[in-house]
Amino acid sequence: MTSTPRTYHVKSFGCQMNVYDGERMAELMAGEGMVATDRADDADLVILNTCHIREKATEKVYSDVGRLRKREDGTQPMIAVAGCVAQAEGAEIARRAKVDVVVGPQAYHRLPELVRAAQAGQLALDTDMPVTSKFDVLPTRRKVAPSAFLTVQEGCDKFCTYCVVPYTRGAEVSRPFAAIMDEARALVDAGAKEITLLGQNVNAWTGEDGKGRAVGLDGLIRALDALPGLARIRYTTSHPNDMTDGLIAAHGDVEKLMPFLHLPVQAGNDRVLKAMNRSHSRDSYLRLLDRVRAVRPDVALSGDFIVGFPGESEAEFADTLSIVDSVGYAQAFSFKYSPRPGTPAATMEDQIVANVMDERLQRLQTALARDQFAFNRASVGRRCAVLLERSGKLPGQLLGKSPWLQSVHVIGDAAIGDVVMVDLVDAGPVSLKGALV
Ligand code: 5AD
Ligand code: SF4
């Protein structure tokens, strides 16, 4: 590839932080005068923004690259691999997959120069974790969806024994308060009504507010609460150990903070939690939820689960099912344990065989789906605000989110970006029907 790429396509995999990074990469390329395409097959430059959290991610990148190299029209795009696979594989991926650019999650602000280097036939690889932050040099946000992401914290120091994040995203780092507030204002000016604060351990965020006082995530949320034009605040993902008294209190008295909490538990058995190095117990987790419910009785709860962690017995897995029963999650994510190279759990004895893992995942997902449907049914009859985010399939239909992060569809005279009052009139397993008030 020698001619200058004029069009680009960003394909993001994995978590919401990657979605955010992907948006910022797109803004960077647009800042270079390039134009976005909807399809990877039409772009001169394809950025694969990859995820490394579970198996097959790396293989998927190689097969994606292979497909892009065999386009029907015979054209060859420039290919950049970004994200956590780039961080983990480094030069190996450039060598094996013959991609043009390899850039890690902490270095993607250098994409424009890396693209130029690749064009000039030079090695275009950057997986450094520099001290100066990419955020300082990324362009201002100008056009965003009604519900926008804002990364406030990156990295993780928790070292759960199954997880690659501490290795691919590095140590916990909080962005400065003022930079976050500036970006939040820019997002609101660009049309955002809701901001979801993102971090691998978002509730570990700390900083100094405008008056030089040390604050935690609750302080940041309270400052955002005062931002004119912003209607809703959310945050994700949290670690139970970083749920401070202040943050719990914020759920009770910050009006714009939505009644929703994503708090991964991973497993319901104390021996397994200990082997995972989770540093919370089943009981301490449940007590934490009780405290959140005490200040915000209608809070919708969400979690992450891993089945088949090495050594997990049938009885220990039953503890995961029973914690699900006692919490009653409004929604959740559940995964089969996937051994990640370099993590302690990958070399633990007693890895669980595939069919046991499949069967446990199925039982867990059946329970979670049952509870999600029950939560939705219990919402019928409620009147609530819905932020309309996009149009639906039917004529005049709009899709939005309830305060409890349920998808709600309405038909009527309203526009994307509106916060409308709705009566929830019917519930399905994963969405609700609303009637405009
Ligand atoms: N295998 C399966 N699931 C994992 N997660 C993290 N690492 C692994 C792994 N090795 C899950 C956890 C985490 C979510 C983002 O991904 O549940 O909370
Ligand atoms: Fe991974 Fe655990 Fe850190 Fe979450 S808290 S990113 S699961 S190491």
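These figures come from a predicted structure and were not determined experimentally. Just so you know, ligand 1 is whichever comes first in the structure, and atom 1 is the first atom listed for that ligand.
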Contact atoms of ligand 2, heavy-atom distance to His239 under 4.0 Å: 5 (S)
Which residue and heavy atom of the protein sit nearest atom 2 (C) of ligand 1, plus the separation: Lys336 O, 3.2 Å
Nearest non-hydrogen protein atom, atom 1 (Fe) of ligand 2: Cys163 SG, 2.3 Å
Selected option - heavy-atom contact closest to atom 14 (C) of ligand 1, from Val307, Ile306, Val164, Asp304: Asp304
Partner of Glu194 by salt bridge (Lys or Arg N to Asp or Glu O under 4.0 Å), out of Lys401, Arg234, Lys256: Arg234
Nitrogen or oxygen of Tyr337 less than 3.5 angstrom from that of ligand 1: no
For atom 1 (N) of ligand 1, the protein heavy atom that lies nearest, with its residue and separation: Ser338 N, 3.0 Å
Arg340: numbered ligand 1 atoms lying under 4.0 Å from its heavy atoms: 10 (N)
Pro264 and ligand 2 - part of the residue with a heavy-atom distance under 4.0 Å: neither
Backbone N/O of Gln200 and side chain of Gln153: donor-acceptor pair under 3.5 Å: yes
Main-chain N/O of Gly104 paired to Asp126 side chain as donor or acceptor, under 3.5 Å: no
Within reach of ligand 2, part of Phe159 (heavy-atom separation under 4.0 Å): backbone
With Arg175, the salt bridge (Lys or Arg N to Asp or Glu O under 4.0 Å) member among Glu208, Glu183, Glu154: Glu183
Among Ile79, Leu125, Leu114, Val85, the one residue meeting side chain to side chain contact (heavy atoms under 4.5 Å, CB included) with Val102: Leu125
Subset of ligand 1 atoms that lie under 4.0 Å from at least one heavy atom of Gln266: 12 (C), 13 (C), 17 (O), 18 (O)
His262 side chain to Asp304 side chain, donor-acceptor N/O pair below 3.5 angstrom: yes
Mode of Tyr162 contact toward ligand 1 - side chain, backbone, both, neither (heavy atoms, under 4.0 Å): both
Residue, atom name and distance, where the atom is the protein heavy atom closest to atom 6 (C) of ligand 1: Ile53 CG1, 3.4 Å
Ligand 1-proximal atoms of Arg54, by part, heavy-atom distance under 4.0 Å: side chain
Pair Thr168-Arg340, side-chain donor/acceptor within less than 3.5 Å: no
For atom 2 (Fe) of ligand 2, the protein heavy atom that lies nearest, with its residue and separation: Cys160 SG, 2.3 Å
Working for salt bridge (charged side-chain N to carboxylate O under 4.0 Å, His left out), residues Arg96 and Glu89: CA-CA 10 Å; Arg96 240 186 84 190; Glu89 299 274 304; 5.1 Å; no
Proximity flag Met276 to ligand 2, non-hydrogen atoms under 4.0 Å: no
Minimal non-hydrogen separation, Arg360 against Phe317, with atom names: O-CZ, 3.2 Å
Flag for Gln16-Thr196: side-chain donor and acceptor within less than 3.5 Å: no
Closest protein heavy atom (residue, atom, distance) for atom 3 (Fe) of ligand 2: Cys156 SG, 2.2 Å
Atoms of ligand 2, numbered as shown, that sit under 4.0 Å from any heavy atom of Pro166: 8 (S)
Criterion ring-ring contact (aromatic ring centres under 6.0 Å, His included) against Phe305, the qualifying member of Tyr162, Tyr329, Phe333: Tyr329
Residue, atom name and distance, where the atom is the protein heavy atom closest to atom 7 (S) of ligand 2: Tyr162 OH, 3.3 Å
